[in-house]
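In what follows, a structure is listed as structure tokens, so that the remarks can point back to it.
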Amino acid sequence: MDMSEILDSLNDAQKTAVSTQAQRTLVLAGAGSGKTRVLVHRIGWLLEAQGLSPYRVLAVTFTNKAAQEMRTRIEALLNRSVQGMWVGTFHSIAHRLLRMHWEAAGLPEQFQILDSEDQLRLIKRTMQTLQVDEERWPPKQVQWFINNHKDEGRRAEKIDNNTDQQTLMMLRIYQAYEDNCQRAGLVDFAELLLRAYELWLKQPDLLEHYSNRFEHVLVDEFQDTNTIQYAWLKCLIGEQGQVTVVGDDDQSIYGWRGAKIENIQLFEQDFKGTHIIRLEQNYRSTETILRAANAIIAHNDNRMGKELWTQGCSGDPIALYTAFNEVDEARYVASRIKALAEQDHAYRDTAILYRSNAQSRVLEEALLREGLPYRIFGGLRFFERAEIKNALCYLRLMFNTADDAAFERIVAVPPRGIGERTLQEVREYAKEQQLSMWVASEQIIKDNRLSARAARALQAFLEQIIGLSERVNVQKLAQLVEAVISEVGLLAYHQKEKGEKGRVRIENLKELVSAAKEFESVVDDQEHSQLLALFLDHTALESRELQADAFEDSVQMMTLHTAKGLEFPVVFLVGLEEGLFPHQMSRNEPGRLEEERRLCYVGITRAMQHLYLTYAETRRLYGREKRHVSSRFIREIPKELIEEVRMGSKVSRPMLHNTESMPMASSEAEAPFSLGQRVLHQMFGEGTVLGFEGSGQNARVQVNFDVKGSKWLVLNYAKLESTV
DNA sequence: CGGTCGGCAGTTTTT
DNA sequence: CTGCCGACCG
């Protein structure tokens, strides 16, 4: 292959990053600077120019999507398959290692992965057996405690137990939870990483093998690595290994879940002679947008230092809309999107970004009112839905009867005459004898420790699972899934549910069968039982839906966190208020405030052409009206980049007594009411003016009545009175 | 065993 | 104001 294909399309900094001979390379890649491109071409360069075997390359990402994309793009660039290359998330690579070396890692061969919901349930269960007060030790907090320690590489027994009562109890739960996991062959997400790390420590020969094998390690989104991931990498790379890490300290937004932005600085110290390359040329946004982003992020301290620039045009000023309240804000966004659509902007070119999910609702209503199609990202993923997880837990229990988490989840779903009394009996016995729930059930039945009715029900359950698991080696995966949902009564169970809910759940269960079919065809030439194991891993590790949502041109709505890595021609960044963004909880701690600022930087740099910022002076949140001042992030943008928008009546401030002094657009000056004004209606009572539409005879006004809610009224008929 | 009611919490999310 | 979870009751 011609090397020029790999280098020619790149700028100088990118070329350097792709072709450097340095043993250690740190690429500081600004937003929109072609980061993925560099990573892909770097690997291409290593394989083609350096003649490295794909077998000797390990590339690590944070999401399955990124891993998938990387492999696809490398193969497209080189026009060949790179099968032997390991490309995956930290978790999937750790998982792969543990599957291959389960014995060395001290795990049973059929270990299963717990997602965070499973983990929380198991923690609750553990706490119940320990008789811990859930008021004093909230399970969520315990979960956080456990995961945090694991992320820092700390086992319960290694933690100093010379501490306060509160922590001491958490440690006890941590330990008991671990014991439960070990006995049931269960591994949570943090455990995958920790075990993989301990594998290096406990098995130097294994470490050496992989260190030798992976001559070059590449890491994407390096600023998001946590302590254990960093330690794992450091071991693997060792003194000899070559490594390329790519990241952007200004886009580190996951500190709250353990990511250590300091790892970037640490890298420079730990890996001597690191070649640092900055990618600062941006190919995404207008100069105006970049200047705003640069200005905001400049308020942070201890940056690695980077300034985005572009050869492109300066573009439109940033629009800033000050809304009276959140409804007005949403209305503005919707009306702008409608106007943009009329100028031939596709809906999918537009994104609405917000700090927290709770904000989406009002926006959604406004889009609905305008008849604009939208899609909200986030929310429950397919494999996380309750009915899907139930079905999967049957498969898990069939696969490994010791899986207590699965046992607990489905033993009474659908209901089959096994009540809390019976279960309590089983749990106690299991705890006493250090047995799995499954074996405990068997023995309790045998010992006649239950009423005849309960014993019969429990026996029937065990037999049903055994009956199903005998078919694992005989039937195809999809048939097996189908058998579970119909024979075990899940379908019938949801059929009985009233309302839309049951129907949707049944749809989902059928979707699960299709997913299994799809999986069969993708991963063929495997034994049936193997296939089941792989499928279970897949559902735990790749919660992404198999089929992307049906093609529809719609407005994209998501949180700022979700938007990372994406780009849109038009971006609305809403809710820029002190207390909301930066969030209340982050305002007083400098470190957390800086992370909020980086989040803002991420949001702004998503925009390619047009950026709209909005905030509401009053916002109803948690049923309470609160007044807010504009976000400091707005004020950190140079004034000359911003153009303030005033809609309709041109009154952005609802202070009634000030309306006269506010500038009025001549065309709208005749409007008898202003936005935010309080009015009285004969039938609907008092309310607040939210918006106008039309003029003259047809002029309509939208009023949010205190009691009757929001209504559109024709001004001519409405006989509204000002309350002032 | 399933339904209902009351209390309470309530950034951000991937694996 | 929601939505979720747990307790309680029929």
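Below, chains carry the letters A, B, ... as their sequence lines are ordered, and counting in each starts from 1. Atom set for the values below is all heavy atoms of this structure, side chains included, hydrogens, waters and symmetry mates excluded.
Under the side chain to side chain contact (heavy atoms under 4.5 Å, CB included) criterion, A:N180 pairs with A:T126, A:R183, sequence neighbours left out. Residues passing the side chain to side chain donor-acceptor pair (under 3.5 Å) test with A:R606, sequence neighbours excluded: A:Q251. Applying the side chain to side chain donor-acceptor pair (under 3.5 Å) criterion to A:R355, with sequence neighbours excluded, gives A:E596. In terms of the side chain to side chain donor-acceptor pair (under 3.5 Å) criterion, residue partners of A:Q459 (sequence neighbours excluded) are, by chain and number, A:E463. With sequence neighbours excluded, no residue forms a side chain to side chain donor-acceptor pair (under 3.5 Å) with A:Q110.
Proximity of residues 578-590 of chain A to DNA chain B (heavy atom under 4.0 angstrom from any strand atom) is restricted to A:H583, A:M585, A:S586. Interface residues of residues 253-260 of chain A facing DNA chain B, ordered by number: A:Y254, A:W256, A:R257; criterion, heavy-atom separation under 4.0 Å. Residues of residues 188-198 of chain A having a heavy atom closer than 4.0 Å to DNA chain B, listed by number: A:F189.
Geometric assessment of A:R624 against the ring of A:Y622 yields a negative cation-pi assignment under the 6.0 Å and 45° thresholds.
For residues 579-588 of chain A, the set of pairs meeting the salt bridge (charged side-chain N to carboxylate O under 4.0 Å, His left out) definition, not counting sequence neighbours, comprises A:E578-A:R587. Applying the ring-ring contact (aromatic ring centres under 6.0 Å, His included) test to every pair with at least one member in residues 574-598 of chain A, sequence neighbours left out, gives these pairs: A:F581-A:F633.
Glycosidic conformation, B:dT12: anti, with the torsion outside 90° of 0.
Dashed line: the shortest gap from a side-chain N or O of A:N64 to OP1 or OP2 of B:dT15 is under 4.0 Å. When the side-chain nitrogen and oxygen atoms of A:N357 are compared with OP1 and OP2 of B:dG10, none of them lie within a distance under 4.0 Å. Contact check, A:S116 against B:dT13: no side-chain N or O comes under 4.0 Å of OP1 or OP2.
One can place CD of A:E134 at 15 Å from C1' of B:dA9, the figure rounded to the nearest angstrom.
Side-chain atoms of A:Q223 and A:E221 form a donor-acceptor pair, as typed in the model, at a separation below 3.5 Å.
If you walk DNA chain C from 5' to 3' and mark each nucleotide with an atom closer than 4.0 Å to a heavy atom of chain A, the marks span C:dC1 to C:dG6.
Ranked by how close their nearest DNA chain B nucleotide is to the 5' end, A:H91 and A:Y622 are led by A:Y622. Along DNA chain B, the nucleotide closest to A:D115 and the one closest to A:R592 are compared, and the more 5′ of them pairs with A:R592.
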Quick one: which protein N/O atoms are closer than 3.5 Å to N/O atoms of nucleotides 1-5 of chain B? Pair and distance per line, please.
from	atom 1	to	atom 2	distance (Å)
B:dC1	OP1	A:R416	N	3.2
B:dC1	OP1	A:G417	N	2.9

